[in-house]
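Everything on this sheet refers to the single structure shown next.
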2 protein chains.
Amino acid sequence: MGTVSKALTLLDYFSRQQPEIGLSELTRTSGMNKATVYRLLCELQAGGFVEQAGSDRAYRLGPAVLRLANVREATVPMRDVAEAALRRLSDATGETAHISLMQGDRMAIFAFAYSAAHGIAVRMEDVEFLPLHASSTGLAVLAFSSANLAATALSGPLPAITPHTVTDPERLRTLIAAARAKGHAESLGGIEEDVHSLAVPLFDARGTCVGAAAVATPAARMTRALQDRIVTALHQAAQEIVAHWGGAMPDELRKARTDAI
Amino acid sequence: MGTVSKALTLLDYFSRQQPEIGLSELTRTSGMNKATVYRLLCELQAGGFVEQAGSDRAYRLGPAVLRLANVREATVPMRDVAEAALRRLSDATGETAHISLMQGDRMAIFAFAYSAAHGIAVRMEDVEFLPLHASSTGLAVLAFSSANLAATALSGPLPAITPHTVTDPERLRTLIAAARAKGHAESLGGIEEDVHSLAVPLFDARGTCVGAAAVATPAARMTRALQDRIVTALHQAAQEIVAHWGGAMPDELRKARTDAI
DNA sequence: AACCAATGGTTTGAATAATGAACCAAATGA
DNA sequence: TCATTTGGTTCATTATTCAAACCATTGGTT
C-alpha cells in the first residue's frame with residue numbers, strides 16, 4: 001500500500017457519524033503507526049484536506065475538498081443527473097429511491113429521493129455506507145463486477161445485520177448469479193427487517209460497474225405488481241443515468257433490460 | 001516536498017477551466033517526473049479521487065471528492081453560513097460580495113453573492129483564484145498572516161494584471177501595513193481596470209487568517225460614503241462569519257473593527 | 001506507405017523519503 | 001502524587017521514489 005493510498009485512506013475514516021478524529025484514535029482505527037499518521041495528517045493539513053478543530057486538537061476534513069467537489073460537479077454534474085432521475089424514479093414507484101457508488105471496497109450512498117405518495121417510507125438520511133452482501137445494491141454490484149470483487153467480498157466477514165441477512169457464501173453466490181441472469185438484485189430484510197429493496201447496476205464509461213440504483217419499500221407494501229413496476233422503472237432510470245454519465249452498458253444486461261421494459 | 005503533498009498538488013491542477021488533463025500534460029505543468037505522476041495518479045484513481053474520462057485516457061476528478069465534501073459540509077456548514085452572510089452583505093451595500101480562502105499559497109473563491117440593486121455589477125462566475133498581490137482580498141490576508149507568507153508572496157513573480165496593478169514590493173509592503181492598521185484592504189483596478197474592491201480578513205479557530213470577505217464595485221460607482229458603508233458592512237459580516245465558523249479574531253483587529261462600526 | 005511526433009504506460013539501479021519503535025512534554029484524572 | 005493518555009518528535013533501518021531510458025499505440029504529414 002503506497003503512501004498516498006494511506007493518506008487517502010485516512011480521509012475515509014471521517015464521516016457524518018464521526019466528523020472529528022484525534023491523532024491517537026486515528027492511529028488505532030487505521031492500524032498504522034502514530035508517527036506515520038501524524039506526518040500524513042500534516043501533509044493533508046498543508047493541502048487543506050484536513051484541519052484541526054477549535055476545541056481539542058482533533059482533526060476534521062478541510063476546505064480543500066469543497067473546491068474539488070465544485071470542480072468535479074462542474075466537470076461531471078453526476079449528482080444533478082442522479083437526483084433528477086431519482087425524483088422521477090420515486091415518483092413513478094411511490095417509494096424511496098437511491099443510488100450508491102463503489103468507494104474502494106464499500107458502497108457509499110450517493111443520492112436519494114423520497115416519494116410523496118406515502119406517509120411511511122424507507123428513510124436514507126442516516127445511512128452512509130451499505131454492506132455488499134446484505135443490500136440489493138451490493139448484490140447488484142457484485143453480480144456485474146469482476147469475480148475478483150465477489151471473491152474478496154465473500155471471503156471477508158459477513159455480519160448478520162438482521163435475522164434475515166443471508167450470510168452463507170454459497171447462498172449468496174446463487175443470489176448473485178440470479179441477479180446477473182435477471183438484470184436486477186433483490187434483498188428482503190437484509191439490512192432492516194421490514195425493508196424490501198430492488199437494485200440494478202450502474203456502469204461507467206469503461207463498462208465497469210461503479211454502483212447501483214435501488215428502490216426500497218416497507219416489506220408490507222410490496223406486491224408482485226409493484227415489484228414489476230419498480231424493476232421496469234429501475235431499468236429505465238439506470239439506462240438514463242448511465243447515458244448521462246457517459247457510461248456504457250454491457251451487452252448481457254441490455255438484453256435482460258429490454259426484456260424487463 | 002512529501003509524496004502525499006505531490007499527489008494533492010496534482011489534484012490542484014484540475015479546475016473548471018481545465019477539468020480533464022492527460023498524463024503528459026500533467027507531467028509538464030507540474031514539473032514532476034512522468035513515472036511519478038503516473039504512479040500518483042494510479043493511487044489517486046484507486047482511491048476514487050481521479051478517474052479516466054471515456055473518450056481519451058485523460059484524467060479528471062473522481063467521485064470520492066463528493067463524499068468528502070458532503071461530510072465536510074455536514075461537519076462545518078461553512079458554505080451556508082458564508083452564503084447567507086454574503087447575501088446580507090450584498091443587499092446592504094448594493095454590490096457584489098465574495099469570500100475567498102487561502103488554499104496553499106493561493107486564494108480560491110469560495111462563495112459570492114450579487115445584489116439586485118444595479119444592472120451593472122462585478123461578476124465572479126469565471127474567477128477561481130485571486131492573486132495575492134493584486135486583490136484587496138489578497139492584501140487583507142497578507143496583512144493579517146505571518147510575515148513569512150508576505151515574504152514568500154512578494155519574493156515571487158508579481159505580474160501586472162492591469163496597468164494599475166501595484167507590482168513594486170516596497171509599495172505593496174506599505175499597502176499591507178496600511179491594511180493592517182486600518183483593518184481592511186483596498187484595491188483599485190488591480191485585477192480589472194474598473195473594479196474597486198475592499199476586503200477584511202477572516203480567521204479560523206486558531207486565530208490564523210484563512211481568507212477574506214470582500215465587496216467589489218464598478219470603480220465609477222464608488223464614493224466616499226459608499227466606501228464607508230461597505231467597510232462597516234464588511235466588518236459586521238466578517239465578525240458574524242468568523243463567529244459561525246468558530247473562529248477567533250486577533251485583538252489588534254477587534255479595535256480597528258469596533259472603530260469602523 | 002513511410003515517417004514523425006506525441007501519447008499513455010513500464011522498467012532500471014541509484015537517490016531519497018517513509019517507516020516504526022521509542023521518547024518527550026503537557027494535560028487529565030484518580 | 002502518580003499513572004495514563006494526549007499530541008508531537010527523533011533517528012537508524014527500510015522501502016519507496018526518482019530520473020532517464022525504453023515500448024506500444026495513435027494521429028497527422030509527407
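Chain A is the first sequence line, chain B the second, and so forth, proteins listed ahead of strands; every chain is numbered from 1.
- A:Arg79 places a side-chain heavy atom less than 4.5 Å from the side chain of B:Asn70.
- Closest-nucleotide positions on DNA chain D for A:Tyr38 and A:Arg28 were compared, and the one nearer the 5' end corresponds to A:Arg28.
- For the pair B:Leu23 CG and D:dA24 C1', the computed distance is 15 Å after rounding to whole Å.
- Residue A:Gly2 is out of contact with every strand shown, counting any heavy-atom pair closer than 4.0 Å.
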- Candidate pair A:Glu51 and A:Arg60, rule salt bridge (Lys or Arg N to Asp or Glu O under 4.0 Å), full reasoning: CA-CA 6 Å; A:Glu51 64 182 11; A:Arg60 66 182 179 202; 2.8 Å; yes

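- One finds the OG1 atom of B:Thr29 at 11.5 Å from the CG atom of B:Asp12 (value rounded to the nearest 0.5 Å).
- Using a 4.5 Å heavy-atom cutoff, the side chains of B:Ile241 and B:Gln236 are not in contact.
- Contact between the side-chain N/O atoms of B:Thr36 and the OP1/OP2 oxygens of D:dT17 is not found at any separation under 4.0 Å.
- Using modelled atom types, one side-chain atom of A:Glu43 and one backbone atom of B:Ser5 make a donor-acceptor pair closer than 3.5 Å.
- Of the candidates C:dA18, D:dT6, D:dT17, D:dT6 carries the atom nearest the A:Ser24 side chain, counting heavy atoms from C-beta on.
- In the set D:dT16, C:dG20, C:dG9, C:dG20 carries the atom at the smallest distance from any side-chain atom of A:Asn33.
- Within the nucleic acid shown, A:Glu25 has no heavy atom closer than 4.0 Å to any nucleic acid atom.
- Side-chain to base pairing of A:Lys34 with D:dG8: one donor and one acceptor N or O lie within less than 3.5 Å of each other.
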Listing time: all N or O pairs from protein to nucleotides 26-28 of chain D that are below 3.5 Å?
none

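- In this structure, B:Arg39 reaches the D:dC18 phosphate: one of its side-chain N or O atoms is under 4.0 Å from OP1 or OP2.
- B:Lys6 has a side-chain polar atom (N or O) that falls below the 4.0 Å cut-off from OP1 or OP2 of D:dC18.
- The side chain of B:Gln52 contributes an N or O atom lying less than 4.0 Å from OP1 or OP2 of C:dG9.
- Spacing between atom CG of A:Leu41 and atom C1' of C:dA18 amounts to 15 Å, rounded to whole angstrom units.
- The shortest distance between the side-chain N/O atoms of A:Tyr59 and the OP1/OP2 oxygens of D:dT6 is not below 4.0 Å.
- DNA chain C is contacted by both B:Ala35 and B:Gly22; B:Gly22 maps to the nucleotide lying nearer its 5′ end (nearest heavy atom per residue).
- For the pair A:Pro131/A:Ile191, a side-chain contact is recorded, criterion being any heavy-atom separation below 4.5 Å from C-beta on.
- Atom CG of A:Leu40 and atom P of D:dG8 are 14 Å apart (whole Å).
- Close to C:dA17, at under 4.0 Å from its OP1 or OP2, lies no side-chain N or O of A:Thr3.
- A:Phe110 does not carry B:Arg67 over the face of its six-membered ring by the limits of under 6.0 Å from the centre and within 45° of the normal.
- The CD atom of A:Gln45 sits 12 Å away from the C1' atom of D:dG7 (whole-angstrom rounding).
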